[in-house]
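Since the model is a prediction, treat every value here as computed from it, not as a measurement. Computed over heavy atoms, backbone and side chain alike; hydrogens, waters and symmetry mates excluded. For this chain, numbers begin at 1 and follow the sequence in order.
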Amino acid sequence: MAELADTTGAYYPVSPARLMDTRSGLGAPKAKIGPGGKVDLQVTGRGGVPTSGVGAVVLNVTVTGPTADSFVTAYPAGEARPDASSVNFAKGWLGSNNVTVKIGSGGKVSVYNRAGYTDVVVDVVGFYALDNTMVNRNGGQYEWYPPSRVFDTRTEPEGKPTAGTTLEYALEFEDAGQHAHIKSFVLNLTAVAPAGPGFLTAWSGAGSRPVSSTVNYGAGVNVPNLAFVQTTPCLATDGWCTPGVPKFKIYTSAAAHVLVDFVGVVDDGYSDYGLRFKPLSPTRIVDSRTNLGITGALGAGSAPSVTPPSDMLTETTEVLVMNLTAVKPTNNTVLTVWQDDPEYPKPSTSNLNPYANQVVSNAVPAVIYPYDAFKVHNHSGTTHVVADVVGTFYDMYPPATGLAAKPTKAPVTGTSHR
């Protein structure tokens, strides 16, 4: 494909822009959201999001200074609040989660807080087209890859990045012609063993560092977050990477190790395997506490398979976009999600890094191709898990004979620079 023939479900990145900050009164009253409180946040027409033709938005939702254990749910304005959560947190917690939300009435999304009082910060990083009206904008499509760990500062000779370090990374693919068409990487970023509270910011590296954050962390706490990170091409003058290869930057405000797990790309329509997004109202498909989707808590080393409800899928659905929550594990542990396919063994990546007795969430693009199922692996102890689906990626132009086999691909070379 040379271009997007139809923009329905296409992804459009925007420069990270702050839409709401209850600490300052931006987009909401200047006050913490109280127990059972809700803010209807205007999203369309702000932060680079068009006023119409938007099906869903991709947000980074940050919780800071909560007075009680609680959760925040983002959902389409005008709809009944779903039995789902977007960010789960403990009293005093600081953290963020990538949240995809279907646009509700008036171009708004509702932000609900369950208990106590908390400040909430919302940054927009992109949106998905509702229909074919975005023909004058440069959109993209999502292509999944088997999860792979591409960078880990714990193994780099420079050691732990110090406070204020900017890391620069490039990924080189087997098909060199693909490089010019990649607009964003989809990554799971994890801050490990931070020396103090702070944040990671990931961006293309073009221009100055944005004021928004991608991962917020506390001292000594391992925190992941899914991120759509725009790219920019390596230049001949860079010297450390191949010209034309897509690159990006990560800044850490405190000394912290950084892990980068690669799960996909957004391109401009170049790939024959590109997918489009269909937004859904948040729908719970797993709650091991009630034996929904998974029976009972996950034990150490267990990896149950999950088959989503058939009415959520079509014959071209390949990925579920969901919020995965670990509920009070007995040990510090790691949760990993991947497709239930014998050709793909468990990857050496992580989606959640919960601590004992913690309730914490992260966004996960769960590949279900080709058998309409995914696995969840628990590393240590036992833990309950919850999964809330907010949308699906589907093949808009499948071959007439059915879905083509997806090639096993991964970046050939990862290059780093400090």
For the residue pair [X] and [Y], categorise the inter-ring angle as parallel (less than 30°), tilted (30 to 60°) or perpendicular (more than 60°).
| X | Y | answer |
| --- | --- | --- |
| F228 | Y11 | tilted |
| F185 | F262 | perpendicular |
| W93 | F89 | parallel |
| Y12 | F127 | parallel |

What I want to check is whether the side chains of [X] and [Y] have a donor and an acceptor closer together than 3.5 Å.
| X | Y | answer |
| --- | --- | --- |
| H257 | T153 | yes |
| H384 | S288 | yes |
| D388 | Y75 | no |
| T64 | D119 | no |
| S184 | Q230 | no |
| N331 | S380 | yes |
| N378 | S302 | no |
| T8 | Y128 | no |
| N323 | N362 | no |

Donor-acceptor pair, [X] side chain versus [Y] backbone, under 3.5 Å?
| X | Y | result |
| --- | --- | --- |
| W338 | Y344 | yes |
| Y217 | A254 | yes |
| T330 | T382 | yes |
| K32 | G65 | yes |
| T283 | S281 | yes |

Practice task
Apply side chain to side chain contact (heavy atoms under 4.5 Å, CB included) to V360 and T325, showing your working.
Solution key: CA-CA 6 Å; V360 66; T325 303; over 6 Å; no
State whether the number of non-hydrogen atoms from other residues, nucleotides or ligands found under 6.0 Å of [X] atom [atom1] is greater than 12.
| X | atom1 | result |
| --- | --- | --- |
| D131 | CG | yes |
| R114 | CZ | no |
| Y117 | OH | no |
| K91 | NZ | no |
| K160 | NZ | yes |

At what distance, to the nearest 0.5 angstrom, does [atom1] of [X] lie from [atom2] of [Y]?
| X | Y | atom1 | atom2 | value |
| --- | --- | --- | --- | --- |
| M20 | Q42 | CE | CD | 13.0 Å |
| L130 | I103 | CG | CD1 | 9.5 Å |
| L324 | N97 | CG | CG | 10.0 Å |
| T62 | N216 | OG1 | CG | 4.5 Å |
| S416 | L171 | OG | CG | 10.5 Å |
| N225 | N351 | CG | CG | 11.5 Å |

Exercise for the section: Could you go through the salt bridge (Lys or Arg N to Asp or Glu O under 4.0 Å) check for R284 and D83 one step at a time? Expected result: CA-CA 7 Å; R284 183 152 291 176; D83 180 20; 3.5 Å; yes
Practice task
Answer whether the closest heavy-atom distance between the side chains of H379 and L335 falls below 4.5 Å.
Solution key: no
Problem - Any side-chain heavy-atom pair of V186 and V266 under 4.5 Å - result: yes
Which atom pair, heavy atoms only, marks the closest approach of [X] to [Y]?
| X | Y | answer |
| --- | --- | --- |
| A90 | P66 | O-CG, 3.4 Å |
| D261 | S350 | OD2-N, 3.2 Å |
| S204 | T232 | O-CG2, 3.2 Å |
| T44 | P50 | CB-O, 3.3 Å |
| V111 | V72 | CG1-CG1, 3.7 Å |
| N60 | S213 | ND2-O, 2.9 Å |

Exercise for the section: May I ask you to say whether R18 pairs ionically with D123, meaning some side-chain N is under 4.0 Å from a carboxylate O? Expected result: yes
Exercise for the section: Taking only Lys NZ, Arg NE, NH1 and NH2, and the carboxylate oxygens of Asp or Glu, determine whether K247 and E168 approach each other closer than 4.0 Å. Expected result: yes
Handout entry: Of S361, S85, S86, the residue whose pairing with F71 passes side-chain contact (heavy atoms from CB on, under 4.5 Å)
Key = S85
Handout entry: Qualifying residue, where the test is side chain to side chain donor-acceptor pair (under 3.5 Å) with E318 and the options are Y394, W144, Y273, Y369
Key = W144
Practice task
Take Q358 and T333 through the test side chain to side chain contact (heavy atoms under 4.5 Å, CB included) and record every step on the way to the result.
Solution key: CA-CA 10 Å; Q358 187 181 28; T333 188; over 6 Å; no
Exercise for the section: Using the side chain to side chain contact (heavy atoms under 4.5 Å, CB included) rule, take M396 and Q141 through it: C-alpha gap first, then chi angles, then the decisive distance, then the call. Expected result: CA-CA 10 Å; M396 193 169 188; Q141 56 189 11; over 6 Å; no
Practice task
Could you check D267 against H181 for side-chain hydrogen bond (donor to acceptor under 3.5 Å, both in side chains), going step by step and ending with a plain yes or no?
Solution key: CA-CA 5 Å; D267 73 6; H181 299 276; over 6 Å; no
Practice task
Show the numbers, then the answer: is there a side chain to side chain contact (heavy atoms under 4.5 Å, CB included) between T214 and L189?
Solution key: CA-CA 8 Å; T214 309; L189 306 179; 4.0 Å; yes
